[in-house]
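A note on names: the letters A, B, ... follow the listed sequences, proteins ahead of strands, and every chain is numbered from 1.
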Amino acid sequence: MNYFPDEVIEHVFDFVTSHKDRHSISLVCKSWFKIERYSRQNVFIGNCYAINPERLLRRFPCFKSLTLKGKPHFADFNLVPHGWGGFVQPWIEALARSRVGLEELRLKRMVVTDESLELLSRSFVNFKSLVLVSCEGFSTDGLASIASNCRHLQDLDLQENEIDDHRGQWLSCFPETYTSLVTLNFACLEGETNLVALERLVARSPNLRSLKLNRAVPLDALARLMACAPQIVDLGVGSYEDEQDSESCLKLQAAIRKCTSLRSLSGFLEAAPHCLSAFHPVCHNLTSLNLSYAAEIHGSHLIKLIEHCKKLQRLWILDSIGDKGLEVVASTCKELQELRVFPTDLQGGGNTAVTEDGLVAISAGCPKLHSILYFCQQMTNAALITVAKNCPNFIRFRLCILEPHKPDHVTSQPLDEGFGAIVQACKNLKRLSVSGLLTDQVFLYIGMYATELEMLSIAFAGDTDKGMLYVLNGCKKMRKLEIRDSPFGDAALLADVNKYETMRSLWMSSCEVTLGGCKRLARKAPWLNVEIINENDNNRMEENGYEGRQKVDKLYLYRTVVGTRVDAPPFVWIL
Amino acid sequence: MLSEEELQSNVSVASSSPTSNCISKGGGLKVHNYFGLSDSSSVESSTLSCGEDDKGTISLKATELTLGLPGSQSHARETKLDEKPFFPLLPSKDEICSSSHKNKRGFSDTVYTEKNWMFPEAVANQSVVKKEVTTNIPKGQLSTTNNSSSPPAAKAQIVGWPPVRSYRKNTLATTCKNSDEVDGKPGSGVLFVKVSMDGAPYLRKVDLRSYGNYGELSSALEKMFTTFTLGQCGSNGAAGKDMLSETKLKDLLNAKDYVLTYEDKDGDWMLVGDVPWEYMFIDVCKKLKIMKGVDAIGLAAAPRRMEKSKIRA
């Protein structure tokens with residue numbers, strides 16, 4: 001194996017960047033394992049409780065970038081109570097104590113405190129990039145520490161976090177000598193923004209590529225910002241409320257015309273309908289467009305904008321665009337790869353903005369489409385079968401019919417056939433979310449055909465344990481399985497305990513699983529953390545004695561090499 | 001039993017079809033395949049798929065890896081749905097199936113109620129039964145039962161459904177709210193705010209838009225936080241819990257032990273109830289907190305105002 005000196009092998013390894021590939025090469029032999037260990041730059045930890053910082057540092061002493069994910073996915077939908085866990089503090093403390101030269105930290109669904117941010121900002125001299133997605137627990141004071149102390153910061157990217165906005169002066173905490181900003185995204189901040197500090201910061205950041213503003217940045221400020229950052233590639237517009245022909249509007253249009261590098265547009269959190277036309281001159285270059293928060297803009301304006309976006313690869317939009325709008329997308333955006341259509345009316349009150357027709361149109365018009373998230377009121381098997389025929393390249397297919405248990409609205413049949421067609425045609429399908437009326441049959445199809453499936457989300461579906469068994473037996477590459485309100489119970493849960501060692505996690509809520517079943521599972525599989533989240537009075541579960549019939553409200557289990565976690569709150573019971 | 005009648009009628013129909021081989025194998029007996037399905041199909045399905053080669057071998061085909069799309073055998077699949085479910089869990093299910101026509105009710109019963117977080121036993125059976133309604137009742141009836149279903153209870157919301165991030169819900173709600181001020185259209189969307197209570201181990205969230213006035217909010221919060229106040233009262237926890245809880249909390253509130261406050265846009269803590277619900281409270285409320293009476297002394301004349309707001313609401 002060692003015909004080459006280690007340095008040469010290491011150099012070759014530098015070209016191997018994906019986590020899966022690096023994992024594979026580490027398994028080849030002891031020598032490669034060692035070389036890979038010391039040269040690993042990026043570490044990805046999909047479940048922060050699967051391992052602890054000490055073991056991470058023992059294996060990879062030299063990494064520069066760490067990605068951590070905390071809460072399970074369903075936490076996004078309020079299914080995980082506040083305080084469940086996912087605290088980043090112990091990680092930052094451990095990394096700070098060691099001598100690792102951390103440069104990048106990416107966190108998703110974790111609890112971050114101002115204390116953590118302060119410690120982070122002081123502990124790593126070369127820290128460059130902070131990306132927080134769906135995190136909570138911190139305030140703008142924490143951001144102020146980052147701004148003040150991270151001399152070489154390039155990226156501060158805050159995506160959809162819950163941040164306590166103290167309306168402080170965090171933006172003015174960036175020193176005057178600081179000029180290395182590349183990415184700044186504070187769209188999720190709710191409060192006032194120091195516009196003067198912001199403009200000065202942008203003016204002294206020649207490398208700025210991505211700027212996403214919050215709702216408190218008005219039109220005239222936007223015009224000035226764009227005028228001093230014409231090199232911008234990715235823009236998130238905050239607020240766009242002004243008269244159509246005002247001076248600010250004209251200035252903005254002039255500034256926009258100079259932004260020839262602009263490729264990605266988002267935001268429009270507060271947007272007057274006519275504002276989109278200001279961006280028409282740059283549309284022909286846009287590859288990414290996110291209008292999914294622009295609730296006030298009517299479909300017709302959206303359509304006029306999209307007609308110019310011939311190079312669009314990624315589109316996130318609200319269902320107010322309608323089927324007609326999706327037909328325009330289908331005929332215009334031939335490069336489209338990813339589409340997300342979000343619901344405007346969350347109550348499901350009969351406003352049928354997009355239907356199966358829109359989905360079929362997109363599948364017919366966009367040959368490169370590989371990822372879709374589609375919220376709609378109704379669907380048919382025929383439509384899904386057509387979509388499968390048109391688009392066999394799906395990697396991610398998430399369909400959410402707003403009303404649970406809703407059948408094919410034409411034939412009144414379950415949607416088993418439609419989803420079956422999707423999994424059979426799409427051989428590379430990695431992620432699937434199903435909805436509507438579904439029997440065990442659909443899971444038989446999934447188990448048979450979805451060989452590459454890694455993540456499956458199930459809600460209000462299935463008839464018996466066999467449904468879940470088909471999936472567990474059939475999908476060899478399953479990593480994350482999340483199920484809610486479906487009649488799967490202990491028999492399915494316990495059928496193949498070793499399966500869970502090949503998966504990252506399993507979530508089951510409002511199913512038929514009992515406490516007795518969970519306890520049996522925990523006994524059989526000591527390398528799993530089996531967590532019961534029970535917001536009822538805890539004691540009732542113990543005293544009852546009827547474990548076999550005591551249904552578990554929320555079950556979350558995951559493989560781990562470090563045993564039971566010590567930071568679980570009282571309503572989480574680890575068996 | 002419904003199944004027996006089906007079987008006999010199928011045997012007579014099927015035996016006339018030259019292509020069906022599995023039925024002839026079974027004769028009058030039910031032949032169970034790997035999945036526990038009988039090869040006999042319901043009356044209606046046999047009329048649909050009469051003459052199809054694979055009618056009798058439907059269930060076995062399910063395990064085969066086929067090249068054709070499942071949809072191309074749609075007739076076969078439709079018959080499959082009318083067959084008995086795999087390994088019925090309870091023997092009496094057939095009776096329940098034929099008599100009940102509960103369709104949409106199932107899921108609205110799973111609606112989140114503070115007192116009952118888990119799937120109630122009755123509802124669990126009901127929702128499983130509901131699936132079998134769709135599989136056992138012939139197609140004609142099926143479409144009418146589904147079409148006649150009333151839309152799901154509009155007011156009742158299922159926790160975490162539709163699967164849209166709270167961040168998105170809140171952002172859209174704020175956007176809609178602001179535009180409504182201009183256009184005068186009725187508000188839509190949701191507005192979740194955190195609710196904390198002194199001494200409670202964790203916080204809750206409520207959707208302010210789902211209440212019409214202070215009274216509704218107040219009773220919702222009472223229901224939500226009864227467990228904590230009981231824990232603090234210490235006394236008779238087990239017996240008569242339900243009866244105690246609401247009255248206990250009301251008593252606590254009335255006895256001025258707890259006061260409901262909110263944080264407004266300026267970051268100040270204000271007493272709930274002073275400003276008009278629709279036009280001012282919803283717009284400015286960022287967080288709610290149930291404070292202990294002693295801590296709320298700074299909010300002048302707390303008790304009297306609480307009562308006043310209750311009268312107004």
Side-chain angles (χ1 to χ4, degrees), chain A residues 74 76-79 81-83 134 160 162 188 269-270 293 295-296 342-350 375 381 385 388 400 402-405 407 412-414 416-417 420-421 424-425 437 439-441 444-445 448 459-460 463-464 466 484-485 487 510 512 535-537 551 553 569-571, chain B residues 35 62 65 69-71 74 77-78 80-81 85-87 89 104 106-107 110 117-119 121 124 127-128 130-132 134-135 139 142-143 146-147 151-152 154 157-169 171-172 174-176 178-179 188-190 192 201-205 227 267:
Chain A
F74 276 178
D76 283 348
F77 317 129
N78 293 334
L79 288 179
H82 187 86
S134 294
E160 302 193 347
E162 275 193 35
C188 58
L269 304 168
E270 305 268 348
Y293 290 104
E296 288 132 53
F342 291 97
T344 30
D345 183 2
L346 293 167
Q347 309 295 331
F375 284 85
N381 283 311
I385 291 168
C400 180
L402 289 166
E403 188 187 313
H405 303 309
S412 301
Q413 293 296 308
D416 301 336
E417 297 313 305
Q424 193 175 29
L437 181 65
T439 71
D440 287 342
Q441 183 69 15
L444 175 62
Y445 291 142
M448 282 166 67
F460 305 100
D463 300 321
T464 71
K466 291 218 80 66
R484 62 166 293 179
D485 294 278
S510 303
E512 303 286 313
E535 289 146 303
N536 268 337
D537 187 353
K551 291 244 180 64
D553 189 34
F571 57 84
Chain B
F35 292 108
L65 292 171
L69 292 174
S74 55
R77 297 303 172 209
E78 277 163 20
K80 195 175 179 42
L81 295 168
F86 307 135
F87 300 128
L89 298 172
K104 301 297 184 193
F107 96 85
T110 72
W117 293 66
M118 300 192 287
F119 234 71
E121 289 280 355
S127 63
V128 175
K130 183 175 60 62
K131 302 293 174 10
E132 289 162 275
T134 59
T135 56
K139 208 171 162 202
L142 188 66
S143 37
N146 276 329
N147 289 341
Q157 282 179 0
I158 308 173
V159 176
W161 193 265
V164 172
R165 283 191 186 169
S166 334
Y167 173 82
R168 173 171 290 279
K169 281 183 186 166
T171 306
L172 279 176
T174 318
T175 310
C176 289
N178 292 342
S179 73
S188 64
V190 295
F192 281 96
Y202 53 89
L203 284 66
R204 300 296 301 274
K205 273 197 170 167
T227 42

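Between the side chain of R165(B) and the backbone N or O of S134(A) there is no donor-acceptor pair closer than 3.5 Å. Between the side chain of W161(B) and the main chain of E403(A), no donor-acceptor pair closer than 3.5 Å is present.
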Original post:
Yes or no on side chain to side chain contact (heavy atoms under 4.5 Å, CB included) for I158(B) and F460(A), after CA distance, side-chain angles and deciding distance?
Top reply: CA-CA 11 Å; I158(B) 308 173; F460(A) 305 100; 3.9 Å; yes
Subject >> Audit row: T344(A), L172(B), side chain to side chain contact (heavy atoms under 4.5 Å, CB included) steps and yes/no >> reply: CA-CA 8 Å; T344(A) 30; L172(B) 279 176; 5.6 Å; no
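In this structure, chain B has a heavy atom under 4.5 Å from the side chain of E162(A), while its backbone stays farther away. Proximity to chain B (any heavy atom under 4.5 Å) is shown, for N381(A), by neither the backbone nor the side chain.
Summarising the geometry, atom CZ belonging to F77(A) is positioned 9.0 Å from atom NZ belonging to K169(B); distances are rounded to the nearest 0.5 Å.
Residue F375(A) comes nearest to P163(B) through the heavy atom pair CZ-O, 3.5 Å, listed as atom of the first residue, atom of the second, then distance. For the residue pair T171(B) and L269(A), the shortest heavy atom distance occurs at CG2-CD2, 3.9 Å.
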